[in-house]
Structure formats: structure tokens, C-alpha cells
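Any value given below was found using the heavy atoms of this structure, including those in side chains, with hydrogens, waters and symmetry copies removed. Not measured: the values here are computed from a predicted model.
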Amino acid sequence: MCLVVLVGVSGSGKSTFARAHFRSTQVLSSDVCRGLVADDENDQSATPDAFDVLHYIAGKRLAAGRLTVVDATNVQAKARASLVQVAREHDVLPVAIVLDLPERVCVARNADRADRAFGPAVIRRQAADLRRSLRGLAREGFRRVHVLRSVDEVADATIEYTKLFTDLRHETGPFDIIGDVHGCLDELERLLTRLGYHLRRDADGSADDGSADGGGGDGGRPVSAWHPDGRRVVFVGDLVDRGPAVPGVLRLAMGMVAEGTAFAVCGNHENKLVRALAGRKVTIGHGLAASLEQLAAEPAEFQARATAFCQDLVSHYVFDAGRLVVAHAGLKEAYHGRASARVRSFALYGDTSGETDEYGLPVRHPWAREYRGRATVVHGHTPTLEPEWVNNTLCVDTGCVFGGSLSALRYPERELVAVPAARVYVEPTRPLTDPQTTPTEPSTSEPSAPSTSAPSTSTITPTASTTAPTASAIAPDAGPSGLAIEVSPPVTPRDRGPVGVVDLLDVTDVLGRRFLETRHGGRVRIDEENALAALEVMSRFALDPRWLVYLPPTMSPPPTSAQPGLLEHPAEAFAAYRADGVDRLICQEKHMGSRAVVVLCRDAGVAATRFGATDGPSGAATGAVYTRTGRPFFAPELTEGLLARLRTASERAGLWDELAADWLVFDAEIMPWSAKASDLVARQYAAAGAAARGALPVALEALTSAAGRGIDVADLLGRTSTRLANAEAFTDAYRRYCWPVDGLTGIRIAPFMLLASAAKATPATPATPATPATPAAPAGAAGATTGATCAQRPHSWHLDVAGRLAAADPTLITATRHITVQADDTDSVAAGVRWWEELTGAGGEGMVVKPADALVRGERGLVQPGVKVRGREYLRIIYGPDYTEPEHLDRLRSRGLGRKRSLALREYALGLEALERAVAGEPLWRVHECVFAVLALESEPVDPRL
């Protein structure tokens with residue numbers, strides 16, 4: 001990825017060269033741009049506007065990471081400077097390809113072109129400008145300069161593409177990413193051993209750190225390491241300075257990199273060491289003196305190798321198809337895979353504000369708190385007591401040289417492993433900080449040690465008591481060298497407790513036209529106008545977004561039925577699923593209430609830790625019950641009462657222990673319909689029914705009297721009589737779903753799907769000592785945020801859970817009746833139809849037909865998660881009292897379902913994605929953007945009656 005600038009006088013063959021070696025979409029021609037703005041490619045007066053267009057398009061391409069070629073004369077330094085500036089603005093390398101052909105060749109070529117009216121003088125002037133420029137192109141900022149001096153050289157030239165040094169996207173791991181070592185060889189050896197690496201030693205027993213065996217204990221210095229499973233190490237930089245065995249650490253790291261068992265990025269300390277070794281003027285501080293002194297005692301050959309090694313370290317690496325980025329001080333998304341001085345500066349030092357703190361250290365901008373990238377970024381540079389995930393970024397520098405620990409992240413497992421420092425080697429300037437108590441401006445690379453005593457094997461306890469416990473507290477272990485080795489259980493990214501700076505939502509996360517990638521439904525587009533409508537609803541009416549882990553999708557009806565008097569019939573639903581290759585179906589009773597999502601915490605502590613809940617009636621909520629638009633279903637006191645009943649029922653049903661869960665998410669229906677929609681019932685349905693029942697009997701009486709007097713009103717009388725019967729049926733239909741409630745008395749809840757279960761992040765307790773070969777604790781161990789979505793479990797499992805809850809509290813919770821239908825079996829289909837007729841004939845709303853295996857993919861992608869088949873009388877509420885009249889029914893049969901079906905699938909994919917992110921503990925904004933997108937899609941122009 002670079003900006004290629006073609007340089008040459010008119011007639012040198014730049015456009016021909018570009019066509020021969022680059023795709024037409026990659027080439028931006030100044031002549032074409034002149035034509036775009038002036039309808040004449042030779043109109044020189046349009047040149048400024050033409051280059052404005054060219055620079056704009058080039059900027060868009062480079063921002064998207066696309067190779068871009070500029071076809072213009074570019075013989076003047078001023079013209080090239082603007083292009084070099086465009087490359088710098090987008091952090092890509094500018095490359096010059098110069099076609100320095102003889103003037104006579106260029107003059108002859110121009111003479112043969114009717115569109116070139118200028119004479120040889122112009123060619124001579126351009127050639128003179130080119131000659132003055134040739135020697136200075138590199139100084140102008142071009143990283144590579146290729147000069148072709150003859151027609152044959154141009155004809156024989158080939159283009160070879162080379163990856164940037166930072167581009168290791170083809171390397172997929174697994175990796176072990178190790179934090180700042182700072183010359184702590186003993187800890188590095190123990191950590192590698194703990195990770196399962198085998199050390200290779202040389203025959204030299206001389207010590208690197210004053211010990212008898214160089215820290216190895218096996219009679220030789222460690223010069224490399226390898227893993228039997230093919231894992232590789234990634235060092236995040238700062239191998240040198242401060243610690244007692246800088247040459248030993250370099251020897252081991254250099255050997256591993258040379259043998260391909262490790263990668264290393266440059267740290268700010270390597271950068272400074274190289275400048276010092278090169279004789280440049282640097283301040284000898286922050287441990288540099290120790291490195292220089294230790295290296296001075298090494299042979300000249302080793303010094304030269306170490307200098308070359310540090311000098312060749314790159315700013316960062318992009319691994320695993322762009323999913324993983326490793327940089328010493330971190331890297332914001334715009335710089336991933338880019339190459340420029342400011343990218344390198346950011347990767348080595350972070351984003352400094354220019355200020356200093358009370359310790360005299362530079363204040364760094366908290367870039368991780370604003371990170372919104374898709375790649376996981378692992379870095380060091382800023383020591384903390386223990387690692388903490390912040391917006392899919394992780395700092396693995398836990399201050400080993402300051403008496404903390406040396407930590408590694410296993411990727412892609414996302415497990416943390418650490419060993420304690422043998423002692424405090426250096427008293428730093430700033431105290432080590434707990435990441436949860438980090439000030440607004442984060443720590444720099446100069447923390448200070450918590451104490452000068454040797455570390456114990458007890459866990460490191462966070463100092464903050466008002467926020468979530470950290471997930472990576474370290475349990476003791478016994479290592480091969482006799483020193484205590486600590487290993488943390490696996491951790492996953494997680495949210496903090498009360499919303500802090502890392503969890504803040506930003507309007508830019510949801511506004512504008514956006515494309516969201518989902519695991520199950522691919523890319524989903526959210527248009528700007530829909531986002532604005534959702535923002536209005538969410539900002540005015542929705543509850544605290546920390547509770548909004550999911551919004552349920554809309555549901556499509558089946559293809560319209562052709563059966564007399566019906567719009568919907570289960571036979572069409574069965575046939576539609578069979579066409580999608582789904583034969584095993586489950587039919588569930590459709591409860592006539594209001595859709596609700598229930599987030600249920602085991603206790604107030606879980607609610608505070610995981611969701612930051614402080615808004616309950618007694619100071620702390622224990623969950624949330626909200627509608628399809630994210631609004632609270634009940635007042636806080638009633639919500640807590642309902643949650644308490646559900647919590648007890650879950651305990652009686654054994655769900656908490658069975659799922660090892662601390663919080664659950666249910667999809668449910670709350671009845672009666674009037675509990676939430678009382679105003680709607682009164683204004684829209686009851687008013688219409690009352691008006692019809694008040695007016696039509698009077699009209700019917702008058703028409704009957706007129707008919708008795710011999711007036712021919714038979715048609716009108718018949719229509720009026722039918723309308724009255726329809727109005728009475730309409731009233732009966734909606735009244736079935738309304739009854740009085742008092743508090744929770746009269747409320748019924750039908751949970752029909754347990755969407756997700758998860759455990760809160762808790763501090764790890766000391767583990768039983770194990771051998772170094774003991775594998776890491778499995779997911780779900782103490783200290784990990786564990787959980788799973790349940791969307792892929794069969795519906796029979798979900799209904800069994802609902803039945804157990806109903807048995808535990810039958811006065812509140814209603815089980816969902818259901819049957820199984822085999823779509824390819826005629827008798828089974830007939831039984832399903834009969835069951836629907838029984839439900840609707842008894843006044844039920846209808847049923848929902850779903851694939852028995854829940855999440856199902858067909859040849860065309862996701863299959864509809866559910867299809868609602870509503871009864872004839874229930875649809876009277878939806879379409880009006882007279883909808884069953886033939887003229888209305890025929891018109892309604894032409895209703896289009898394509899947009900509704902598409903909307904249902906997109907919302908379904910977004911809901912699943914929100915749940916996946918929530919149980920993985922991803923940052924709040926990542927969960928919320930999916931939830932927000934569901935609400936945004938609800939404003940699409942789809943017939944709400946469908």
C-alpha cells in the first residue's frame with residue numbers, strides 16, 4: 001500500500017506505462033481530471049481545480065488502504081510536494097517512478113499527437129525541471145525512487161509488490177504476547193517455561209545477571225526457545241534498560257526471532273538505546289545507563305548484533321488477517337498497517353499531550369478509552385498492577401522490573417499468564433496503578449514500585465471498591481526454580497462495573513450511515529435517517545443503555561392464504577419452511593400480551609458489578625424489564641417485585657447452579673395486553689368499538705322501521721347488520737386480552753426463550769499449587785467472565801426451562817403450550833392445522849411456527865427464526881372490524897411480505913450479535929450499537945399491521 005507518483009516530461013510514456021502495469025481504477029490522471037472539471041483535458045487554466053479533484057480522490061483511496069498511482073508530469077518540486085503531503089496525511093509511503101527519456105524521443109512523440117499543440121520548448125523546460133529534481137527526490141520524502149532512462153528500460157520494467165514490514169496478516173498464531181521485560185531474564189525464562197516453551201542454551205556458563213549460571217540453572221545461557229505446539233512469542237518492546245540482565249534478554253529474544261519462534265516490536269527504550277549506541281546525543285536516564293554498562297562488558301560482535309537487532313525492530317505488527325495488532329504503546333485504528341513517522345511515534349510513545357504530571361512525566365492521551373477498532377490491540381509501555389481489557393485493547397505491562405509481574409496474553413485464547421518478579425529491581429518514579437483507579441490521564445512508562453520487599457504469593461488486590469473486581473487476579477503456583485510462579489485463569493474482555501470513561505457511549509457510534517458486521521447475518525446497513533429516528537426514541541424514552549443487551553426482532557407472517565375468509569393459515573407457514581429445507585418444526589402458542597426482555601441478576605451485587613446498577617427503588621436495581629423499543633415496562637418498584645419473583649423461581653428451578661450463571665436474559669410475553677397498552681386500548685380500540693356499538697344499533701333500528709313501512713332498504717339494512725356483528729366481534733376480540741391488574745396481581749409472564757446466561761467477573765481465589773505442566777484453567781474458572789448465548793439451543797430446551805419456571809411460580813409464570821410438526825408428513829401437518837384451529841377457535845391469538853433446532857441456515861442464508869400465524873378473529877383487531885368482507889379481504893391479500901421478512905432477518909442477526917458481544921463482555925458501545933441498530937430498523941417503511 002503506497003502512493004506511486006509517475007514523474008516524467010510530456011511524451012515520456014507515463015500513461016502507457018500506467019496502463020501496462022496498474023489497474024485502470026488505481027490510476028489517477030491529471031489529464032482526465034482536467035476533462036472532468038473543464039470538458040477539455042488540455043485546458044491548462046483548469047489545472048488547479050483538476051489537482052484538487054485528483055488529491056481528493058487520492059485521499060479517499062489511501063484512507064481505504066488502496067494502492068494509488070498519480071499520472072502527471074510532476075517534474076516540479078512544488079507539484080510533488082503536495083502529493084508527498086497527501087501520502088503523509090494518510091500515513092502511506094510515497095514512491096516515485098521516473099521516466100527520464102531523451103528529449104528527442106518525447107518531442108517526436110508529441111509531434112505525432114494532434115491534441116498536443118505545444119512545441120519543443122515546453123519539453124525542454126520540463127526536462128530541465130526534471131534534471132534539477134532527480135538528486136533530491138529522496139530528500140523530498142519519497143521512500144523509493146526508480147529511474148528508467150531509456151525506451152528499452154521502460155519496456156523491460158516489471159512491477160514487484162512487497163508487503164510492508166508491519167504486514168504479517170498471514171501469520172495467524174497461536175501467539176503468546178509478552179509484556180515489557182526490561183532486562184528481567186529470570187522472570188522471562190520462568191514465564192516461557194510456564195507457557196510451555198523449551199529453552200535452548202549455549203555451552204557458555206558465564207552469568208548475565210551476577211548469578212552462577214546466567215539465570216538459567218542448567219549450565220548455559222538461554223539463546224532461544226521453542227514450543228512443541230508451534231506457538232510463537234510476540235514481544236511488545238522494552239526488552240532493555242533498568243533490569244539486571246539486558247544482554248541475556250536480548251540474546252534470548254534475538255535467538256527466538258532469528259529462528260522464527262518469536263516476533264518483536266520496537267519499544268521506546270530500544271529506540272533510545274540505538275541512538276545512544278550510535279553516538280547521538282541522548283539523556284542517559286530511565287535505566288539506559290544500566291543497558292550501556294552491561295552491553296559494554298559484552299564482546300564487540302554481540303554489541304553489533306544487538307544494535308542491529310534493535311535498529312531493525314518495526315513499529316508494530318498486524319497479525320491474523322488484521323484481527324490482532326501489537327504495538328509497544330498501542331495504536332489507534334487509523335494507524336494500523338500504516339507507515340509514517342507519526343505512526344512510529346504513536347506506537348513507541350503513545351499520544352502525548354505535551355504536558356507533564358506531578359512526577360514530571362509526560363501526560364498521555366487515553367487513546368484506548370476512545371478506541372472503536374475491530375482489531376484486538378495488545379501493548380505495553382504503561383505499567384499497571386494487572387491487565388484490564390479496555391475497548392478491545394489490553395496492556396500487558398505489569399511492571400516486572402518494578403516488583404510487579406511479567407505477564408503474557410495467550411492469543412487467540414485470550415488467557416492471561418503471569419509470574420511474579422523475584423524482587424524490586426528499580427524504584428520508579430510513579431506508583432504502579434490499578435487500571436480501575438487510573439486518573440483521567442493514564443500512567444506513563446515511569447511508575448514506581450508498590451514496595452521494596454520481595455513479592456509474596458498472595459493475590460494482588462485492587463484498591464478500588466466501587467468498581468468491578470478485576471478478572472486477572474493471580475493465583476500462586478510453584479515453579480521449577482523454586483520461586484513462586486503465578487498463573488491467572490483465562491480472562492475475556494469485559495465491561496467494568498459502573499459506567500466509567502472506558503464505557504462511555506458516543507453519538508458517533510450510532511449516527512450516520514453505518515454497516516454492522518454480524519456473525520450470523522453478514523453485513524447489515526443502517527441508514528442515517530433511521531438512526532436519527534432511533535436516537536429520538538432512545539434518548540427520550542429508553543432506560544439506562546447498560547441494561548439494553550438485546551432487542552427482539554420483528555416477526556413476519558406466513559405467505560398470504562388463499563383459503564376463503566382467511567389471510568393467514570399454518571399450511572403456508574409449513575410449506576415456506578419446507579421450501580427452505582426445514583422439515584422439523586415446533587409450533588408455540590402465541591400469547592396475546594406485550595413483548596418484553598427481562599435481564600435478571602442473581603443479586604444487587606451482580607447488578608452493580610456487571611451493569612453498574614444504581615437506579616433501583618432502594619438504591620440498586622437487580623435487573624430490568626423493558627419493551628421492544630427499550631422502554632421500561634413497569635415503574636421501578638413493580639419491576640423489582642417482578643424480578644424478585646423471577647429470581648426465586650429461577651432458584652427453585654435450579655437455573656442459577658445449572659448454568660453457573662449470575663445473570664440471565666429472557667425473551668418473554670407479559671400479559672394482559674392492557675398492562676402496557678391500556679391507553680392504546682382505550683383511545684384506539686375501545687373508542688372505535690364503543691362508537692360502532694352506539695351508532696349502528698340506532699341505524700339498524702331506523703332501517704328496520706323503514707323496511708316495515710315498505711321502503712326498499714334491504715341492501716343497506718343487510719350491510720348495517722353485518723357491520724354491527726363485525727363491531728361486536730371486534731369488541732369481543734380485544735376484550736379477551738384485557739383484564740384488571742393491581743400491582744403484580746393479575747400480571748402473567750410467559751418466558752419462551754432463555755437468550756443468554758453469564759457469570760460476573762470476580763477476583764480469582766488462590767488455586768491449589770500445581771506443576772508447571774498444569775494447563776491453564778478452563779473457561780469459566782474464577783476470575784473469568786463466563787457465559788454463552790442460548791440462541792442455538794433447540795426450542796424444546798427453552799420451553800422446558802419455561803415449564804420449570806412456571807412450575808416454580810404458577811400464579812405469575814405461564815408455560816407455553818406447543819406441539820412438534822414434521823413438515824414433510826401429511827398427517828403431522830394436518831395435526832398442526834387442527835391445533836391452530838383449536839387455539840383460534842377458543843379465542844387465542846394463534847401460534848408461532850419455528851424451526852425446532854432454533855438457529856438454522858439454508859441455501860440462501862439465515863432461515864426465518866419464527867413465523868406468526870394469527871387467527872381470523874385476532875386479525876380483526878389489526879385490520880379493523882370489517883376486514884373479513886370480501887372486498888377488503890381481496891385487497892389485503894395483495895399485501896407484500898418481502899420487506900417484512902427481510903427486516904425480521906436483519907433484526908434477528910443484530911440481536912444475536914448484541915447477545916454474543918454482551919456475554920463476551922465486550923465494551924458497552926459495541927453491544928449498544930447492535931441494539932440501537934435494531935431500533936433504527938424499526939423506523940423502516942414497513943406496514944405495521946404485518
Side-chain angles (χ1 to χ4, degrees), residues 1-36 40-44 47 50-51 54 57-58 61 66-84 86-87 92-162:
M1 182 177 62
C2 63
L3 177 65
V4 178
V5 178
L6 300 180
V7 182
V9 303
S10 179
S12 60
K14 298 181 300 299
S15 298
T16 302
F17 184 87
R19 284 194 298 271
H21 296 286
F22 302 101
R23 294 198 298 269
S24 60
T25 54
Q26 295 175 325
V27 180
L28 303 180
S29 166
S30 59
D31 290 343
V32 171
C33 290
R34 265 190 292 268
L36 289 175
D40 182 358
E41 292 187 359
N42 295 305
D43 185 353
Q44 297 301 312
T47 295
F51 273 92
L54 187 149
I57 298 174
R61 287 186 58 83
R66 296 185 173 93
L67 175 74
T68 303
V69 181
V70 176
D71 175 16
T73 55
N74 295 317
V75 294
Q76 295 181 333
K78 183 178 180 180
R80 294 189 299 272
S82 62
L83 294 173
V84 171
V86 169
V92 300
L93 300 178
V95 175
I97 300 179
V98 183
L99 277 63
D100 185 19
L101 271 60
E103 287 184 30
R104 56 180 176 77
V105 174
C106 300
V107 170
R109 288 176 174 175
N110 279 308
D112 293 336
R113 296 180 60 178
D115 60 341
R116 293 291 189 262
F118 49 81
V122 173
I123 302 298
R124 286 195 295 271
R125 185 170 64 251
Q126 291 179 352
D129 289 337
L130 178 58
R131 284 192 294 274
R132 284 191 293 270
S133 301
L134 278 178
R135 292 184 178 180
L137 289 177
R139 291 193 299 272
E140 290 178 10
F142 288 98
R143 181 59 61 93
R144 298 284 186 272
V145 178
H146 307 281
V147 181
L148 305 174
R149 300 186 183 277
S150 68
V151 174
D152 290 340
E153 285 188 9
V154 172
D156 294 340
T158 59
I159 301 293
E160 180 179 327
Y161 292 91
T162 308

**Student:** In sequence, state the C-alpha distance, the side-chain angles, and the governing distance for Val70 and Val86, and then conclude on side chain to side chain contact (heavy atoms under 4.5 Å, CB included).
**Tutor:** CA-CA 11 Å; Val70 176; Val86 169; over 6 Å; no

**Student:** Heavy-atom count around Gln76 CD within 6.0 Å, excluding the residue itself: above 12?
**Tutor:**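 At most 12 heavy atoms, drawn from other residues, nucleotides or ligands, come within 6.0 Å of this atom.
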
**Student:** Apply the side-chain hydrogen bond (donor to acceptor under 3.5 Å, both in side chains) test between Arg34 and each candidate in Thr47, Asp43, Asp40; give the one that qualifies.
**Tutor:** Thr47

**Student:** For Ser150 and Leu101, run side chain to side chain contact (heavy atoms under 4.5 Å, CB included): C-alpha distance rounded to whole Å, both residues' side-chain angles, the deciding distance at 0.1 Å, then the answer.
**Tutor:** CA-CA 5 Å; Ser150 68; Leu101 271 60; over 6 Å; no

**Student:** Return the CG to OG1 distance between Leu28 and Thr68, rounded to the nearest 0.5 Å.
**Tutor:**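 OG1 of Thr68 is found 6.0 Å from CG of Leu28.
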
**Student:** Where do Ser29 and Leu54 come nearest, in terms of heavy atoms and distance?
**Tutor:**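 What the structure gives for the nearest pair is C-CD1, 4.0 Å.
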
**Student:** At their closest point, which heavy atom of Leu67 faces which heavy atom of Tyr161, and how far apart are they?
**Tutor:**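 Smallest interatomic distance, heavy atoms only, reads CD2-CE2, 3.6 Å.
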
**Student:** To the nearest 0.5 angstrom, please state how far the CD1 atom of Ile97 sits from the CZ atom of Phe142.
**Tutor:**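 Answer for the CD1-CZ pair, Ile97 versus Phe142, is 11.0 Å.
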
**Student:** Is there a donor-acceptor pair under 3.5 Å between the side chain of Asn74 and the backbone N or O of Leu6?
**Tutor:** yes

**Student:** Start with the C-alpha gap between Ser133 and Arg80, add the side-chain angles, then the distance that decides, and say whether side chain to side chain contact (heavy atoms under 4.5 Å, CB included) holds.
**Tutor:** CA-CA 10 Å; Ser133 301; Arg80 294 189 299 272; 2.8 Å; yes

**Student:** Can you establish whether the number of heavy atoms outside Arg109 located under 6.0 Å from its atom CZ is more than 12?
**Tutor:**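 Counting neighbours around CZ of Arg109, more than 12 heavy atoms of other residues, nucleotides or ligands fall under 6.0 Å, so yes.
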
**Student:** His146 and side-chain contact (heavy atoms from CB on, under 4.5 Å): which single residue from Val7, Val98, Ile159, Val95 fits?
**Tutor:** Val95

**Student:** Assess the residue pair Val32 and Glu41 against the criterion (side chain to side chain contact (heavy atoms under 4.5 Å, CB included)); give the C-alpha distance rounded to whole Å, side-chain angles, the decisive distance to 0.1 Å, and a yes or no.
**Tutor:** CA-CA 6 Å; Val32 171; Glu41 292 187 359; 4.2 Å; yes

**Student:** To the nearest 0.5 Å, tell me how far Met1 CE sits from Arg61 CZ.
**Tutor:**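 Interatomic distance, Met1 CE to Arg61 CZ, rounded to 0.5 Å: 12.0 Å.
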
**Student:** Between the side chains of Arg66 and Thr25, is a donor N or O closer than 3.5 angstrom to an acceptor N or O?
**Tutor:**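 Not at all, the side chains of Arg66 and Thr25 share no donor-acceptor pair under 3.5 Å.
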
**Student:** Which atom names give the shortest non-hydrogen contact between Glu140 and Ala77, and what distance separates them?
**Tutor:**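 What the structure gives for the nearest pair is OE2-CB, 3.9 Å.
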
**Student:** Could you measure the distance from the OG1 atom of Thr73 to the CG atom of Leu130? Nearest 0.5 Å is fine.
**Tutor:**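 Between Thr73 OG1 and Leu130 CG, I get 10.0 Å after rounding to 0.5 Å.
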
**Student:** Please, which pairs that meet ring pair (Phe, Tyr, Trp, His ring centres under 6.0 Å) have at least one residue in residues 3-34, sequence neighbours excluded?
**Tutor:** Phe17-His21

**Student:** I need the minimum non-hydrogen distance between Ala157 and Leu148, along with the two atoms involved.
**Tutor:** CB-CD1, 4.0 Å

**Student:** How far apart are the closest heavy atoms of Cys33 and Ala50, and which atoms are they?
**Tutor:**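 The pair with the smallest heavy-atom distance is CB-O, 3.4 Å.
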
**Student:** Over all heavy atoms of both residues, which pair between Ser10 and Ile123 is shortest? Give the atoms and the distance, please.
**Tutor:** O-CD1, 3.4 Å

**Student:** Could you note down all residue pairs passing salt bridge (charged side-chain N to carboxylate O under 4.0 Å, His left out) where residues 13-23 supplies at least one of them, sequence neighbours left out?
**Tutor:**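 Not a single pair qualifies under salt bridge (charged side-chain N to carboxylate O under 4.0 Å, His left out).
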
**Student:** Rounded to the nearest 0.5 Å, what's the gap from CD on Glu153 to CG on Leu99? Could you check?
**Tutor:**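 Answer for the CD-CG pair, Glu153 versus Leu99, is 10.0 Å.
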
